[in-house]
Amino acid sequence: MGIVTPGFRGRPRSSGPELPPGQYLTEDFPVLSAGPTPRVPMDRWEFVITTETSREHRWTWDDLMALPSETPTVDIHCVTKWSKLGTTWQGVSLDTLMSDVDTAADYAFVHSYGGYTTNLPLADLLDGQAWVAFKFDGEDLHPEHGGPARLLVPHLYFWKSAKWVRGIQLRFDDEPGFWETAGYHDYGDPWREQRYQGD
Amino acid sequence: MARAAVPGRLTWRVGTLAEARAETPTARTLVLDVPGWPGHLPGQHVDVRLTAEDGYSTQRSYSIAAPADGERVELTIQAVPDGEVSPYLTEVFSPGDPVELRGPVGGWFVWRTTAMDPVLLVGGGSGIVPLMAMIRARRAAGSRVPFRLIYSVRTPDDVYYADELRRRARDDAGLDVTFAYTREVPDGWPHPPRRVGVADVNTNGWPPALTPDCFVCGPTGFVETVADILVALGHDPRRVRTERFGPTGG
Ligand SMILES: Cc1cc2nc3c(=O)[nH]c(=O)nc-3n(C[C@H](O)[C@H](O)[C@H](O)COP(=O)(O)OP(=O)(O)OC[C@H]3O[C@@H](n4cnc5c(N)ncnc54)[C@H](O)[C@@H]3O)c2cc1C
């Protein structure tokens with residue numbers, strides 16, 4: 001336990017849902033981004049998975065819409081301390097997108113429209129853990145929140161769920177992305193409070 | 001996007017409140033003594049952790065308001081109505097009280113005193129805090145880089161660092177300060193209250209051709225609007241750095 005801050009009581013607490021350490025519950029949907037919100041024209045939108053042998057697998061918006069989608073309801077945890085429970089999304093599972101991709105890579109380097117990047121182990125994108133999401137709460141995903149489509153990897157801090165996702169590069173080595181280079185954790189497990197490098 | 005430097009491991013430190021100053025009726029500057037503080041860059045923030053008697057603890061992020069100065073860390077906190085942490089820090093937390101913090105955090109929303117391009121700062125409400133660190137650092141380092149600040153507040157009473165900004169606008173050569181009032185304007189102001197719009201950013205900012213570094217900070221809606229305006233005016237999105245403080249307000 002940390003040192004007690006005199007006179008601090010905090011909000012009245014009932015036995016609410018358990019949250020990862022250091023997180024608090026919000027009903028809002030705050031935004032964390034490093035720059036302006038990119039606006040991506042749908043007719044030029046594409047999503048590309050590039051393997052370690054430079055093989056490219058491409059989807060246009062129509063291709064993506066033609067794939068079977070899922071509607072996961074998940075909890076999300078942002079490194080800026082808020083958590084939001086029971087959020088409902090619609091998106092295409094990475095298992096579906098990866099089904100024809102032949103790879104031996106261990107890591108994924110995700111890049112976005114607007115230049116944002118993030119890194120995570122490929123294993124964390126598979127087995128029903130990640131989606132390319134295009135709807136939130138039944139509505140088209142708002143650009144502020146990453147629309148037209150964002151990565152959704154709810155078991156890691158939310159900066160790993162790259163907004164405006166454009167592609168994934170599969171690699172043998174773990175290349176730090178945008179926030180990771182600025183000192184955030186390469187993995188980012190909220191339950192182990194891996195906010196910053198070294199946590 | 002450009003890469004920032006990798007800081008080392010961040011550990012929790014105990015800071016003690018040395019001094020508190022009222023900035024407005026609802027905002028307070030906290031000057032903390034933090035033994036072992038490693039220093040920071042203008043624009044970075046800290047994570048503050050508060051722990052109650054029963055062991056419950058919670059964390060929030062706060063920008064650092066002043067450039068590195070030994071083991072001193074200055075924060076300015078706006079009391080958010082019904083907030084869990086900010087009313088405590090603005091109203092209850094007293095000189096001599098300890099608090100845990102760690103940082104500095106953030107390597108992107110920073111201005112380095114060695115940078116040469118003109119700078120546009122656009123702040124809404126408490127979003128002035130990291131921008132003020134940049135303005136203070138510029139002067140402390142003797143930098144001559146031209147700075148323009150557009151500062152959006154609800155009313156004239158909501159201006160943080162009001163005397164200092166007035167003095168600096170007069171004395172810090174190359175610093176221009178303009179205000180936008182969203183609810184109530186000072187006597188004799190040329191137009192009624194309004195939100196920062198294209199005209200304000202165009203008139204009081206820099207032309208994109210000068211490739212300024214733009215820093216936009218404040219409530220999410222404010223930052224979205226201003227960043228969109230900058231891009232629409234032709235600024236390179238990679239030169240528009242943003243820090244979003246919270247969901248509403250401004
Ligand atoms: C990188 C970063 C830097 C920050 N720097 C500063 C700073 O220098 N000074 C400062 O005063 N704050 C700053 N903030 C905001 C701060 O972290 C807290 O969010 C804020 O103090 C509210 O916390 P709270 O516990 O009082 O309110 P909470 O209990 O968290 O929230 C109470 C209610 O207020 C709303 N709310 C939360 N945050 C805000 C906000 N910022 N504006 C309006 N409504 C809000 C919530 O949606 C909720 O409805 C920063 C945030 C970030 C992410």
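Protein chains get the first letters and strands the later ones, always in sequence-line order, with residue 1 at the start of each. Computed from a predicted structure; not experimentally measured.
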Measure from the side-chain N and O atoms of [X] to the backbone N and O of [Y], and report whether any donor-acceptor pair falls under 3.5 Å.
{"X": "B:Glu84", "Y": "A:Arg11", "answer": "yes"}
{"X": "A:Thr80", "Y": "B:Ser61", "answer": "no"}
{"X": "B:Trp108", "Y": "A:Ala182", "answer": "no"}

Nearest heavy atoms of [X] and [Y], plus distance in Å:
{"X": "A:Tyr24", "Y": "B:Arg60", "result": "CD2-NH1, 3.0 Å"}
{"X": "B:Pro98", "Y": "A:Thr5", "result": "O-CG2, 3.4 Å"}
{"X": "B:Thr51", "Y": "A:Ile3", "result": "CB-O, 3.3 Å"}
{"X": "A:Pro36", "Y": "B:Val240", "result": "CD-O, 3.3 Å"}

Counting only heavy atoms not in [X], do more than 12 fall under 6.0 Å of its [atom1]?
{"X": "A:Asp43", "atom1": "CG", "result": "yes"}
{"X": "B:Met116", "atom1": "CE", "result": "no"}
{"X": "B:Asp82", "atom1": "CG", "result": "no"}

[atom1]/[X] to [atom2]/[Y] distance, rounded to the nearest 0.5 angstrom?
{"X": "A:Glu144", "Y": "B:Arg244", "atom1": "CD", "atom2": "CZ", "value": "7.5 Å"}
{"X": "A:Tyr196", "Y": "B:Leu10", "atom1": "OH", "atom2": "CG", "value": "7.0 Å"}
{"X": "B:Arg241", "Y": "A:Ser33", "atom1": "CZ", "atom2": "OG", "value": "15.0 Å"}

*For chain A, which residues of residues 227-236 of chain B have at least one non-hydrogen atom nearer than 4.5 Å to it?*
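So far as heavy atoms go, B:Ala227, B:Asp228, B:Val231 are the residues that approach chain A to under 4.5 Å.
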*Taking non-hydrogen atoms and a cut-off under 4.5 angstrom, which of residues 85-92 of chain B neighbour chain A?*
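At a heavy-atom separation under 4.5 Å, chain A is reached by B:Tyr88, B:Val92.
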*Walk me through it: do A:Arg195 and B:Arg102 pass the test side-chain contact (heavy atoms from CB on, under 4.5 Å)?*
CA-CA 12 Å; A:Arg195 298 179 195 276; B:Arg102 67 173 183 164; 3.7 Å; yes
*asked:* side-chain contact (heavy atoms from CB on, under 4.5 Å), that's the test. Do B:Asp47 and A:Lys81 meet it? Break it down for me.
replied: CA-CA 10 Å; B:Asp47 285 352; A:Lys81 322 291 170 354; 3.1 Å; yes
Sequence neighbours left out, cut at 3.5 Å: what donor-acceptor pairs do the side chains of residues 132-140 of chain A make with other protein atoms?
unit_1: A:Lys135; atom_1: NZ; unit_2: A:Asp140; atom_2: OD1; d: 3.2

*Which residues pass the side chain to side chain donor-acceptor pair (under 3.5 Å) test with A:Thr60, sequence neighbours left out?*
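With sequence neighbours excluded, A:Thr60 shows a side chain to side chain donor-acceptor pair (under 3.5 Å) to A:Asp63, given in chain and number order.
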*Flag the one option from B:Val223, B:Val14, B:Val105, B:Val216 with the top tally of heavy-atom pairs under 4.5 Å to chain A.*
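Among B:Val223, B:Val14, B:Val105, B:Val216, the one with the most close pairs to chain A is B:Val105.
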*Against chain B, work out which of A:Gly22, A:Pro143, A:Pro38, A:Pro21 has the most heavy-atom pairs shorter than 4.5 Å and name it.*
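Greatest number of close heavy-atom pairs with chain B: A:Gly22.
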